[in-house]
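Below is one structure, written out as structure tokens; comments come after it.
Heavy atoms only: backbone and side chains are in, while hydrogens, waters and symmetry mates are out. In what follows, chains are A, B, ... by sequence order, proteins preceding strands, each numbered from 1.
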Amino acid sequence: MRLFPSEASSVAPEVDHLVLFLIGLSLIFIVLIFLPLVYFAFKYRRGTKADRTPPRLAQWKLEVTWSIIPLLLMMGVFAWGASLYFHIERPPADAFEINVVGKQWMWKVEHQEGVREINAIHVPVGRSVKLVMTSQDVIHSFFIPDFRIKQDVVPGKYTTEWFNAAKPGSYYLFCSQFCGTDHAKMIGRITVMEPPAYESWLASNSSGGTLAVAGAKLFTELGCSGCHGANSKVRAPKLEGIYGKPVPLEGSVFQIADDKYIRDCILQENHLHVAGFQPLMPTFKGHASEEELMELIAYIKSLGRTNPEEDVNLEGTK
Amino acid sequence: MNAIELEPSPALQEEEPGNYLSESHTVASWLLTTDHKRIGILYLYSILFFFIIASFAAATMRLELLNPQGSLVLSETYNKLFTIHGVLMVWFFLIPSIPAVLGNFTIPMMIGARDVAFPRLNLLSWYIFIGGGLFALYSIVSGGVDTGWTFYTPFSSTYSNTHVIAMAAGVFVAGFSTIITGLNFMVTIHKMRAPGLTWFRLPLFIWSLYSTSLIMVLATPVLAITLALLSLERFWGIGIFDPKLGGDPVLFQHLFWFYSHPAVYIMILPGMGVISEIIPCFARKRIFGYYFVAFSSVAIAVLGFLVWGHHMFVSSQSVYAGLIFSLLSFIVSVPSAIKVFNWTATLYKGSISFETPMLYAFGFIGLFTIGGLTGLFLASLGADVHLHDTYFVIAHFHYIMVGGMVMAFMGGLHYWWPKITGRMYPEFMGKIAALVTFIGFNLTFFPQFLLGYLGMPRRYHTYPPEFQIFHILSTAGASILGVGYLLPLIYFIYSLRYGKKAGPNPWRATGLEWQTSSPPPKDNFLRTPVVKRAPYDYSPFEEEHPQNV
């Protein structure tokens, strides 16, 4: 009978340290409260000979003591928990991305290399992985207990979550936000592999091109290239190299062209259009699925990128 | 030596010719009553009814969870069961439990008044409550709701195919009953206090209910608005929460928890108030740190409005918002800790006896302390990411709401039972039931902390087999807990006829409610009491050496 889940990610031991500290602190408080409680209840039970002359306690001093000491302790615990939270929430710059789309009741996964999986993710050990997630229906939550990470997957926006798997193996992936009838069946598996095994897995499973290639195809099919393409006669902003860079909007405002902004531009009519252009772009709502949107974004990201390594992380979403 | 000046009138000591129960026995005399005591009893029957339904839902879930594959009920049914359990327990049992039953019954008597400030409004609030209950029952009978008591969007507004609007309407309507009751209590406590009963001579139960009323009046309208918006989106497709309609699903969570976190304090502050009455009485000691216990209630009520975002640390809320909410959540734990320390200090040099209410009070301190300490794990950002939406959360809030509030409600019910009915419950059976409840409760919910840390998500109809052992322990505990609740139901009914006569003040308590006959006359007091002392005027020394006084 296990009492602790295995520590299968780089943050897992850090979370466990905090929790063990909290357990220790709780035990101290329990002793401090229950010991006198039981002792008084026994010593001063009715009918025993005990000194019951009205106690002369320095009430104010006691009250201040047992208010201030817990308060200071709480502040310490808060700071520890907060710094760990920032570590858990912020993906490192060198993390590679995997796209996740939640739907009732399955997880759809797309690797940048074009490999698609359902209710399963294969990742290499020891590398930081950043999941870019959205939902095509209700709110789900992507929870890997052995990694100690969890993030709600919300329709209409991208959320991110990252991990660095510490040891090879197979781990549960749970949906932890109630999402309807088969919520309890929305379970998947994370398979953590040694890098060589991972590479051969990737190679043997990639059938088509990368996500960016799929996105390029869509870019033509949906007619995006008609305006945004290199030889277009319509005046539309060129998309080369815009990803992650500030885009000038009307009124000297700048907007970082992140996943969320590009997505909103595609789906919402005239969403924050670029300064100096006519608001002509139609909405593609209903014409592109969540996966296709992610492919389009992957394509835009790949445009005009001379050095793929300089892909700085400027995610606006958490 | 009483806290009040009241000549023992011969009529009071003799067989009482009339009391609020013997006034009239017709059904109309109950359904049209404006007597706060009778309304309290109407509430008692009503919440007992909802408690029984909600408990059956819980019992079915616990049986179902014995088996990882879930062979007893379908997923749809399971999801409806936890929704019924949550909605009924929160809005139709816990929120009205101590305030509307014990508060209604005792507030006017504890402050030396004949009734609440608005007796007819008080009756109206019960009818509204029943109206809300009927909507909820309709929703259950016509097929149920599968959203959970939290009604998260866009699942509830767009995707669920169940009777969400009827259930939301039930909660919406019942909310007005809460608002009216809260308003009534606040006005009563402001305007109806007996001569000499200054704010700092008020029993702490009154302070806690005043703080509770403050939350009821200020927070409940937000719930009403939220549920109305949800229904607008569901019925007319007006986009508020569903991103497909241009809405924001996380907005719902902000609105919902802006009410529901303060509502958590509606579900614990009154319990703390009951404990502050019981401990001084059975320790024969003045409460230690009266001002601190009183103002910690107010502090909890105020700070409780500022911590709602701690339900949303992984919701995609900004990490900086999470920082503020975590900080405030740690701060709100301090006033609760202050109460526990003061209750413990009250026992020092007391003359302690262990009647049933006191056993429940001890149980409350133990379970509430564990509930509070595990709350720190959840307030801590780094740990909450892992623990959020797991059984750890379930265990934590049951330690507060059942281990805290229900233990306090049972303690209070035993404490005031002689006053309400004029009869004593059987003491030995009472002690047994308190003990059984305590053991059963811990066996039910402690394994759930372990389950949660192992990663078992909440609201799972089926689960991986490695979690089974903890579910078996939990179900075993739940059956013991069931016995703990069944016993009082039996002996309370028994005591109505066979219980020995209580007399005006079986606990020799100093509160004003004990200075009148049991059951009290319709107008509570034969003459308005005049208060000349602080509350809890107990002396452990006199208790031990009555001959020296």
Residue part contacting chain A, namely of [X], when any heavy atom lies under 4.5 Å:
X	result
B:L387	backbone
B:T374	neither
B:F449	neither

Under a 3.5 Å distance rule, please check whether [X] uses its side chain to pair with a backbone N or O of [Y] as donor and acceptor.
X	Y	answer
A:Y85	B:F313	yes
B:K244	A:D137	no
A:K150	B:H388	yes
A:R148	B:H386	no
A:R52	B:G350	yes

Assess the side chains of B:Y152 and A:D152: does a donor N or O sit below 3.5 Å from an acceptor N or O? no
Can you find a side-chain donor-acceptor pair between B:S316 and A:K157 that sits under 3.5 Å? yes
Under 4.5 Å between any side-chain heavy atoms of [X] and [Y], yes or no?
X	Y	result
B:N342	A:E63	yes
A:I139	B:Q253	yes
B:M456	A:F174	no
B:L454	A:F4	no

Within this structure, what is the [atom1]-[atom2] distance for the pair [X] and [Y], rounded to the nearest 0.5 Å?
X	Y	atom1	atom2	result
A:T181	B:N161	OG1	CG	8.0 Å
A:Y172	B:Y463	OH	OH	12.0 Å
A:S26	B:L373	OG	CG	4.5 Å
A:F40	B:T344	CZ	OG1	8.0 Å
A:H183	B:Y460	NE2	OH	5.0 Å

Is there a side-chain contact (heavy atoms from CB on, under 4.5 Å) between B:T147 and A:F178? Walk through the geometry before answering. CA-CA 8 Å; B:T147 60; A:F178 180 69; 5.5 Å; no
Between [options], which shows the greatest number of heavy-atom pairs under 4.5 Å with chain A?
options	value
B:M358, B:K80, B:E466, B:K285	B:E466
B:Y348, B:W343, B:F354	B:Y348
B:Y291, B:F282, B:Y320	B:Y320

Centroid separation A:F21 to B:F377 less than 6.0 Å: no
When the aromatic ring centroids of B:F292 and A:W60 are compared, is their separation below 6.0 Å? yes
Are B:K349 and A:D51 close enough for a salt bridge, meaning some N to O gap below 4.0 Å? yes
